[in-house]
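Below you'll find the structure, written out as structure tokens, and then a few comments.
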Amino acid sequence: MAEPILTVKNLSKSYGEQQVLHDINFSLQKGEVMTMLGPSGIGKSTLLRCLNGLEDFQTGELVFEGQTVKADNANWQQLRQKIGMVFQSYDLFPNMTVLQNITLAPVKVQKKSKAEAEQAARQLLKRVQLSDYANSYPRELSGGQKQRIAIARALAMHPDLMLFDEVTASLDPEMVRSVLDLIKELSEQDNMTMIIVTHEMNFARQIADQVLFLDQGTILEQTAGKDFFTNPQTQRAKDFLASMDF
Amino acid sequence: MEHSGISVLFQGRNFVRLLGGLWTSVWIAALALVFGLLLGALIGLLRTSKSKLLRAIFRIYLEFFRIVPTVVLLFLFYYILPRQVGINWPGSVMATIAFALWVSAEFSDIVRGALISVPKVQQESGLALGLSKWQLFIYVLLPQAFQLELPATINLATRVIKTTSLLMMISVMDLINVGQQIIEANNQSHPTAVFWIYGLIFLLYFIVDYPLSLWSKKVARRNQN
């Protein structure tokens, strides 16, 4: 098998005395989709945020595209250009138009010309079916539209890995579909490598190549394919799946 | 009407002198605002710094200018500092400096408040795109903070313009001082002139400050939506 795009080795994190992540280990191949499942508030988002340096961690390391990353020696600004992230609260910059939101980082960080960045941005807008909104401000968009723009904004940096942190959790139910379809399309058409924290179990089952089930900051189950949903190993996972009612 | 106070307004160059006084008040306020806002923005940014020492120093700076009455501040700059330090500049210059420092202190608190009220996730989404801290500040935080702080800044400007009425205490020929001179010169012949002069002064301050007040309300309403 090829070298994994991302390997997490013995990662642990504490807030002061309280340990929130215990000895996390996993690896991800290029093009794979991993879903992180588990009850709320047990460290899934924290783990995701450790992967692009929004949270620090005390021990362990990441290997991303062959580069070893430790909490204290990481050049996160450079890594984040390759690791895109989309958040729950579709936090577009309210002072900029949709087009400016998408082109800000390519122009300022990657030093692309404005024309080049705008052309790429318009392609992305077409792709997320929001071409008509290039010059709109975020406040004029619905939640689902904002979230699709947020995804387009992350894609504009051409990341090799995308992190999705409960991106549908604060959307109206009828908006959820469009966002999930877009993520699915990214996997199927672009072969994008993704780690997805979600509570949408049907979606997770459809898209997952690998499932990580966490509780209390520990990986309880790590399953390839869809086995997790049909054949969970731990009682905790069985209870969790039963409670999700899908 | 011969002895009516209103005639004093238009006697000789009285009206022009009053407008000249207003102009003095306005340019001192305007210069103080320009320098004060620039300095205040910088101090406001420093007040969000991680260094406890920096934060403490500028906190004391703010409290000093907030607690000391403006008259005392003007006396300090006009009578005490020049004598101690040997600077001998006109009252209008010293007043501009005193006002600018006062504005910078007040504005630093407005800027700090606006910066910390930009949601944290805005910072994180900027960082997640690979922006540097500085790029984040310039393109994301500052424009949003500016929008949030604009009403408070306009209010500060109206306060500064009003407070120029204290300039007469340090012999600057501001609107009030000119008015006072005209009243004293005409008090014998036109005892009611005081009413008309102060009426006009009220009107002039109102004409300058009221549009600012309206603007501030408009921005505040827009921010709420």
Side-chain angles (χ1 to χ4, degrees), chain A residues 45 48-49 51-55 75-97 100-112 117 137-140 146-147 149-159 161-167 170, chain B residues 37-38 40-42 44-45 48-52 107 110-155 215-225:
Chain A
S45 289
L48 207 59
R49 293 156 59 86
L51 303 182
N52 75 346
L54 290 180
E55 300 276 352
N75 181 352
W76 286 116
Q77 209 213 325
Q78 179 225 325
L79 284 165
R80 284 169 185 151
Q81 296 176 43
K82 291 278 142 207
I83 305 177
M85 181 158 184
V86 183
F87 301 80
Q88 178 179 337
S89 50
Y90 39 83
D91 39 82
L92 301 176
F93 305 130
N95 53 313
M96 298 177 202
T97 64
Q100 288 167 337
N101 262 280
I102 299 176
T103 55
L104 177 70
V107 171
K108 301 299 175 191
V109 180
Q110 295 182 331
K111 309 293 177 202
K112 288 189 181 154
Y137 281 87
R139 62 175 177 275
E140 302 165 64
K146 282 188 226 180
Q147 197 56 293
I149 299 290
I151 293 171
R153 182 175 67 175
L155 291 175
M157 298 296 281
H158 298 290
L161 169 65
M162 284 284 285
L163 310 174
F164 292 94
D165 188 6
E166 302 202 32
V167 290
S170 49
Chain B
L37 294 184
L38 287 174
L42 184 68
L45 175 60
T48 63
S49 109
K50 281 191 185 129
S51 155
K52 273 197 179 136
F107 190 57
I110 297 174
V111 170
R112 185 195 67 97
L115 284 177
I116 59 177
S117 65
V118 175
K120 188 158 179 269
V121 69
Q122 282 283 323
Q123 300 195 31
E124 290 182 340
S125 63
L127 291 174
L129 286 168
L131 295 178
S132 68
K133 286 237 165 84
W134 182 244
Q135 288 169 332
L136 189 69
F137 178 69
I138 293 291
Y139 301 113
V140 179
L141 295 184
L142 205 59
Q144 289 187 49
F146 181 77
Q147 190 66 30
L148 289 170
E149 80 204 6
L150 195 53
T153 309
I154 301 168
N155 284 337
W215 182 27
S216 145
K217 272 205 198 99
K218 200 175 141 203
V219 175
R221 224 182 2 247
R222 199 174 58 209
N223 278 356
Q224 267 174 359
N225 301 335

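Values below: all heavy atoms of this structure, side chains included; hydrogens, waters and symmetry mates excluded. Chain letters run A, B, ... following the sequence lines, proteins first and then strands; every chain starts at 1. For clarity, every value in this text was computed on a predicted model and none was experimentally measured.
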Which atom pair, heavy atoms only, marks the closest approach of B:A145 to B:L115?
CB-CD2, 3.9 Å
Heavy-atom nearest pair, A:R153 first then A:D91, reads NH2-O, 3.1 Å
Pick one of side chain, backbone, both or neither for A:F87, based on which atoms fall under 4.5 Å of a heavy atom in chain B.
side chain
Among A:M157, A:Q100, A:R80, which residue has the highest count of heavy-atom pairs closer than 4.5 Å to chain B?
A:R80
Minimum heavy-atom separation for A:S89 and A:S170, please, with both atom names.
CA-OG, 4.4 Å
Considering all heavy atoms of both residues, which atom of A:G84 and which atom of A:P159 are nearest to each other, and what is their separation?
N-CB, 3.5 Å
When the 4.5 angstrom heavy-atom criterion is applied to A:I83 and chain B, the contacting part is backbone
Correct closest heavy-atom pair for B:S216 and B:N155 would be OG-OD1, 3.4 Å
Comparing B:Q123, B:Q144, B:E124 against chain A, the one with the most heavy-atom pairs below 4.5 Å turns out to be B:E124
Taking a cut-off of under 4.5 angstrom between non-hydrogen atoms, the residues of residues 130-142 of chain B near chain A are B:G130, B:L131, B:S132, B:Q135, B:Y139, B:V140
Got a sec: does the CH2 of A:W76 have more than 12 other heavy atoms crowding it under 6.0 Å?
yes
Intermediate values then yes/no, side chain to side chain contact (heavy atoms under 4.5 Å, CB included), A:F164 and A:I151
CA-CA 9 Å; A:F164 292 94; A:I151 293 171; 3.9 Å; yes
If you count heavy-atom pairs within less than 4.5 Å of chain B, which of A:L92, A:N52, A:V86 leads?
A:L92
Please report the closest heavy-atom contact between A:A154 and A:M162, naming both atoms and the distance.
CB-CE, 3.8 Å
Measure the spacing between CD of A:Q81 and NE2 of A:H158 and express it to the nearest 0.5 Å.
12.0 Å
Pick from B:G126, B:P119, B:A128: which one has the most heavy-atom pairs with chain A under 4.5 Å?
B:A128
